[in-house]
Amino acid sequence: MALPALRAVRARFPDAKIAILARPYAVDIYRGQKICDELLAYDPKGVHEGMGGRERLARELRAQNFDVALLLQNAFDAAWLAWRARIPQRIGYGRDGRSLLLTKGIAVPKRGEIPPHEQFYYLELLRRAGWIKSLPQESWVKLDVSQEQARRAEENLLSAGARQDRPRIAIGAGASYGSAKCWPPDRFADFVNRFRLHTDADIILFGTAAEQQVADAIAAGIRGPSISLVGKTTTADLPALLSRCQLFVGNDSGAMHVAAAVGLPIVAIFGPTDPHGTAPITARCTIVQEKPFCSPCFLRRCPIDHRCMTRVHPAAVDAAARNWLRSVEVASG
């Protein structure tokens with residue numbers, strides 16, 4: 001979601017030294033995207049854990065003599081780090097009790113002042129800071145995958161059992177935000193079984209090690225083979241691996257956004273979140289959603305019966321997936 005803003009900063013300051021400080025998984029995604037000169041990993045669960053780790057990071061930042069800190073993140077912690085690093089200009093939204101730590105606190109946009117999609121929240125910060133004149137309207141946010149990365153990804157997929165002459169369907173059944181965003185495993189399996197009545201596709205499960213149980217439940221319900229890369233790849237591997245697939249089907253998740261950014265058609269299953277705010281930035285997307293009265297609630301866990309997700313029928317996901325796969329097949333000749 002922040003890539004359009006980061007590219008706008010690079011365009012605004014083409015000759016500046018730009019460093020991005022981000023969590024390790026985000027650093028892996030940004031690498032090779034030509035938006036900065038340096039990537040700095042902030043690992044609060046590792047080397048930067050606790051106050052001692054944060055002080056160490058602040059000292060490291062101070063030694064680089066940065067002139068400006070642009071805080072896209074809302075957290076108090078981000079403003080505190082920039083302040084402790086003694087960066088002269090600290091620009092960010094004045095929220096979450098951090099205004100006194102900023103040299104330029106920007107008013108948070110009110111409802112209706114900007115388009116609802118989350119990308120515009122970051123872009124509006126730049127506009128209000130005077131760095132851009134207007135909000136760009138990007139129809140696709142692209143992640144670049146090098147030929148070497150694509151070659152290695154293809155080799156890894158073939159080694160895992162994927163076939164060269166069959167379409168590959170990437171399944172993203174997890175969501176780090178919480179279980180409320182997850183379509184049940186038996187529904188994913190039902191979708192795959194329906195889909196395979198029409199297409200002999202390779203089904204490739206993606207996810208983190210924490211999602212292993214969900215992946216195992218899906219695989220157990222699938223008639224026929226599937227390939228699981230769950231817990232076997234890093235975030236840095238994900239763009240190239242997804243780029244070797246033909247379609248992504250999954251929940252509202254980081255993997256969904258990565259798949260869209262490398263050019264895949266997307267079938268996105270939404271429940272407690274709002275696609276107007278977090279849909280992938282691509283025209284090649286079908287949102288499958290049932291909206292009970294309580295949706296969107298934005299809760300991490302459903303306190304009732306998870307009706308926003310359990311009412312999404314596998315037949316609807318199957319129809320959307322087959323439509324996109326037909327369009328891919330026509331485009332490829």
Side-chain angles (χ1 to χ4, degrees), residues 1-7 9-11 18-43 119 138-174 176 201-211 215 226-250 253-268 280-285 324-325 328-329 331-332:
M1 296 292 191
L3 268 174
L6 293 171
R7 290 201 167 109
V9 173
R10 177 81 282 176
I18 297 176
I20 294 177
L21 176 68
R23 299 293 177 91
Y25 63 86
V27 165
D28 286 338
I29 291 294
Y30 293 147
R31 185 169 285 112
Q33 300 307 310
K34 301 177 182 177
I35 53 177
C36 66
D37 303 284
E38 186 177 7
L39 287 163
L40 306 172
Y42 172 28
D43 187 3
Q119 64 171 310
E138 295 195 34
S139 60
W140 180 36
V141 172
K142 182 183 179 183
L143 278 174
D144 292 322
V145 175
S146 71
Q147 290 184 348
E148 177 60 21
Q149 289 172 321
R151 184 191 64 78
R152 290 200 306 267
E154 180 68 16
E155 290 178 353
N156 290 336
L157 286 168
L158 293 174
S159 297
R163 297 169 290 179
Q164 287 183 316
D165 59 346
R166 294 292 185 272
R168 298 167 183 168
I169 313 304
I171 303 292
S176 60
D202 285 337
I203 303 300
I204 305 175
L205 304 173
F206 288 87
T208 66
E211 294 155 0
S226 60
I227 298 166
S228 177
L229 297 181
V230 174
K232 300 175 183 177
T233 60
T234 67
T235 304
D237 299 325
L238 191 58
L241 288 166
L242 287 170
S243 75
R244 307 305 300 167
C245 299
Q246 279 68 52
L247 176 68
F248 176 90
V249 179
S253 64
M256 173 193 73
H257 291 288
V258 173
V262 297
L264 266 64
I266 306 296
V267 177
I281 307 171
T282 175
R284 307 177 75 198
C285 178
W324 279 117
L325 190 60
V328 171
E329 291 170 343
S332 63

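Just the heavy atoms: all of them, side chains too, but no hydrogens, waters or symmetry mates, feed the values below.
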Could you go step by step and tell me if R10 and D37 meet the salt bridge (Lys or Arg N to Asp or Glu O under 4.0 Å) rule? CA-CA 10 Å; R10 177 81 282 176; D37 303 284; 3.2 Å; yes
Any ion pair linking D202 and R163 (charged N to carboxylate O, less than 4.0 Å)? yes
If you compare all heavy atoms of R23 against all heavy atoms of Y42, which two are closest, and at what distance to 0.1 Å? CD-O, 3.3 Å
Flag, side chain of E211 to backbone of T208, donor-acceptor distance under 3.5 Å: yes
Would you sort out whether L157 and L241 count as a side chain to side chain contact (heavy atoms under 4.5 Å, CB included), showing the intermediate values? CA-CA 7 Å; L157 286 168; L241 288 166; 3.9 Å; yes
Is D237 close to K232 at the side-chain level, that is, under 4.5 Å between some pair of heavy atoms? no
Decide yes or no for F206 and C245: does some side-chain heavy atom of the first lie under 4.5 Å from some side-chain heavy atom of the second? yes
With a sphere of 6.0 Å drawn around CD of Q147, does it hold more than 12 non-hydrogen atoms of other residues, nucleotides or ligands? no
Run the side chain to side chain contact (heavy atoms under 4.5 Å, CB included) check on L3 and L143 step by step: do they pass? CA-CA 9 Å; L3 268 174; L143 278 174; 3.7 Å; yes
Report yes or no: does D28 contribute a side-chain atom to a donor-acceptor pair with the main-chain N or O of Y25 at less than 3.5 Å? no
Rounded to the nearest 0.5 Å, how far apart are CG of L6 and CD1 of I18? 8.5 Å
Shortest non-hydrogen pair, W140 vs A261, comes out as CZ2-O, 3.6 Å
Closest heavy-atom pair and its distance - L21, A41: CD1-C, 4.2 Å
Looking only at heavy atoms, which two atoms of P4 and M1 are closest? And how far apart? CD-O, 3.4 Å
For I227 and A162, which heavy atoms make the closest approach, and how far apart are they? CD1-N, 3.3 Å
I29 versus T235: any side-chain heavy-atom pair under 4.5 Å? yes
At what distance, to the nearest 0.5 angstrom, does CD1 of I20 lie from CD of E38? 10.5 Å
Can any side-chain N or O of Q33 pair as donor or acceptor with the backbone N or O of Y30 at less than 3.5 Å? no
For E148, does the CD atom have more than 12 heavy-atom neighbours from other residues, nucleotides or ligands under 6.0 Å away? yes
State, without any angle test, whether N156 and S159 hold a side-chain donor-acceptor pair at a distance under 3.5 Å. no
Between atom CD1 of I281 and atom CD of Q119, what is the distance when rounded to the nearest 0.5 Å? 4.0 Å
Looking at CG of L238 and OG of S243, how far apart are the two atoms once the value is rounded to the nearest 0.5 Å? 10.0 Å
Verify salt bridge (Lys or Arg N to Asp or Glu O under 4.0 Å) between E155 and R152, making sure each step is shown before the conclusion. CA-CA 5 Å; E155 290 178 353; R152 290 200 306 267; over 6 Å; no
Side chain to side chain contact (heavy atoms under 4.5 Å, CB included) between R284 and I266: does it pass, once the steps are laid out? CA-CA 6 Å; R284 307 177 75 198; I266 306 296; over 6 Å; no
Please find the pair of heavy atoms, one from R168 and one from R244, that lie closest to each other, and give the distance. NH1-O, 3.2 Å
Inter-residue atom distance F248.CZ - I171.CD1, 0.5 Å rounding: 8.0 Å
Find the distance between OG (S226) and CG (L205) and round it off to the nearest 0.5 Å. 5.0 Å
